[in-house]
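Heads up: numbering here begins at 1 and tracks the sequence.
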Amino acid sequence: MTLLPRLHRVAVLVLEGAKPLDVGIPAQVFTTRASMPYEVRVCGAAPGLITGGDGLSYHVADGLDALGWADIVFLPGYRFPDREDPPAAVLQALIAAHERGARLAAISTGAFALAATGLLDGKRATTHWHYTRQLARKHPQVRVDENVLFVDEGSVLTSAGAASGIDLCLHVLRGDLGVAASNHAARRLVAAPYRSGGQAQYVPHSVPAPLGERFAATREWALHRLDKPLSLEVLARHAAVSPRTFSRRFADDTGYTPMQWVMRARIDLARELLELSQLSVEQVAVRVGLGTGANLRLHFQRILGTTPSQYRRTFVA
């Protein structure tokens, strides 16, 4: 008799005043389906009705015992996070879950609850841009970074506003299941398959819509020809702007220089080919435009900290 692998366990902790989108993102991204080996429990300080924010309430079946069950706990944002900390029992349960080995991932102002445990002290973290200064004042031991979408400190993760919660969830998926599963989930959500955690939360100046559309079209065009030469000049010519303008605006859009973005797109395609095909490392290198296996290994190690062969062994049963 063949035993099925254990599902990854996800708890979504709903606090008083919880924001509905922040609750819904991890609940939907990780909901159990054939392509997603996860089990989700939405919980609260106690089972029952929880008053949320924005006119919604939640009826949760589980209490804090779900945190002792979970492999990863998501903390959605909630209203007025700078006024008072969550109940002591909630903080103690979060600390106990972390000590047991669970990861804790905060979306938006959920970072305040995570910071109240002390587990962010000395670490980088972010939250919604409107609350970054309050988080820094309330928890001065936390190194608050207001200019990023999400921060992964290993066992504790934080993200900015609600939409960046999708980026954080896809980041977790990439680490758990590989890039093919993450890209599949992104397509299902109609979301960008990869946004840099280091990307700014918002562009501080207006970008004309037609130019933004042109750049998106150029990125899509580039993704379909990663095996071809893609220099800054080639990309700028496709977008019909100067290389200097293209480089500056591209970084605003993606958080990367054009050449950094191309390299990461090539490495992502290589990851997917390693997961889903029997191509050799040399063949994969040619398919993604890196020419040789040695070149692929060099950039794979630099970006992911592992080799193509080790990556394949990790994500292919």
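Leu56 and Val12 fall into different hydrophobic clusters, defined by Ile, Leu, Val, Met, Phe, Trp and Tyr side-chain heavy atoms under 4.5 Å apart, directly or through other members. Criterion: ILVMFWY side-chain heavy atoms under 4.5 Å apart, direct or through other members. Under it, Val40 and Leu170 are part of a common hydrophobic cluster. Hydrophobic clustering of Ile, Leu, Val, Met, Phe, Trp and Tyr side chains at less than 4.5 Å, counting indirect connections, keeps Val142 apart from Leu157. Following chains of ILVMFWY side-chain contacts shorter than 4.5 Å, one can reach Trp221 starting from Val262, so the two form part of one hydrophobic cluster. Using a 4.5 Å cut-off between side-chain heavy atoms of Ile, Leu, Val, Met, Phe, Trp and Tyr, with links allowed through other members, Leu177 and Ile166 fall into the same hydrophobic cluster.
A salt bridge is defined here as a Lys NZ or Arg NE, NH1 or NH2 lying under 4.0 Å from an Asp or Glu carboxylate O, and Arg137 with Asp82 fails to meet this definition. The pair Arg124-Asp145 meets the salt-bridge criterion, with a side-chain N (NZ, NE, NH1 or NH2) lying under 4.0 Å from an Asp/Glu carboxylate O.
Here the closest heavy-atom approach between residue Ala97 and residue Leu67 is recorded as CB-O, 3.4 Å. Residue Ala160 comes nearest to Thr126 through the heavy atom pair N-CG2, 3.8 Å, listed as atom of the first residue, atom of the second, then distance. Heavy-atom minimum distance, Phe80 versus Tyr131: N-OH, 4.3 Å. Among all heavy-atom pairs drawn from Arg297 and Pro308, the shortest one is CG-CD, 3.9 Å. Across all their heavy atoms, Ala111 and Leu120 have their closest contact at O-CD1, 3.9 Å. For the residue pair Gly53 and Pro20, the shortest heavy atom distance occurs at O-CD, 3.8 Å.
Looking only at side-chain heavy atoms (C-beta outward), Glu153 and Arg143 come within less than 4.5 Å of each other. Proximity of Arg41 to Val60: side-chain heavy atoms (C-beta onward) are nowhere separated by under 4.5 Å. Within the 4.5 Å cutoff, no side-chain heavy atoms of Pro258 are placed close to those of Glu233. You'll find the side chain of Phe215 reaches within 4.5 Å of the side chain of Val241, heavy atoms only.
No donor-acceptor pair closer than 3.5 Å links the side chain of Arg271 to the backbone N or O of Phe300. Here the side chain of Ser164 pairs a donor or acceptor atom with the backbone of Gly161 at under 3.5 angstrom.
In this structure, OG1 in Thr158 is found 11.0 Å from CG in Leu75, a value given to the nearest 0.5 Å. A distance of 13.0 Å separates CZ of Phe112 from CG of Leu15, quoted to the nearest 0.5 Å. Interatomic distance, CG of Leu13 versus SG of Cys43, reported as 5.0 Å (0.5 Å rounding). Within the model, atoms CG of Asp227 and CZ of Arg266 stand 8.0 Å from one another, a figure rounded to the nearest 0.5 Å.
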Exercise for the section: Start with the C-alpha distance between Asp85 and Lys138, add both sets of side-chain angles, then the distance that settles salt bridge (Lys or Arg N to Asp or Glu O under 4.0 Å), and finish with yes or no. Expected result: CA-CA 10 Å; Asp85 294 334; Lys138 188 175 176 63; 3.5 Å; yes

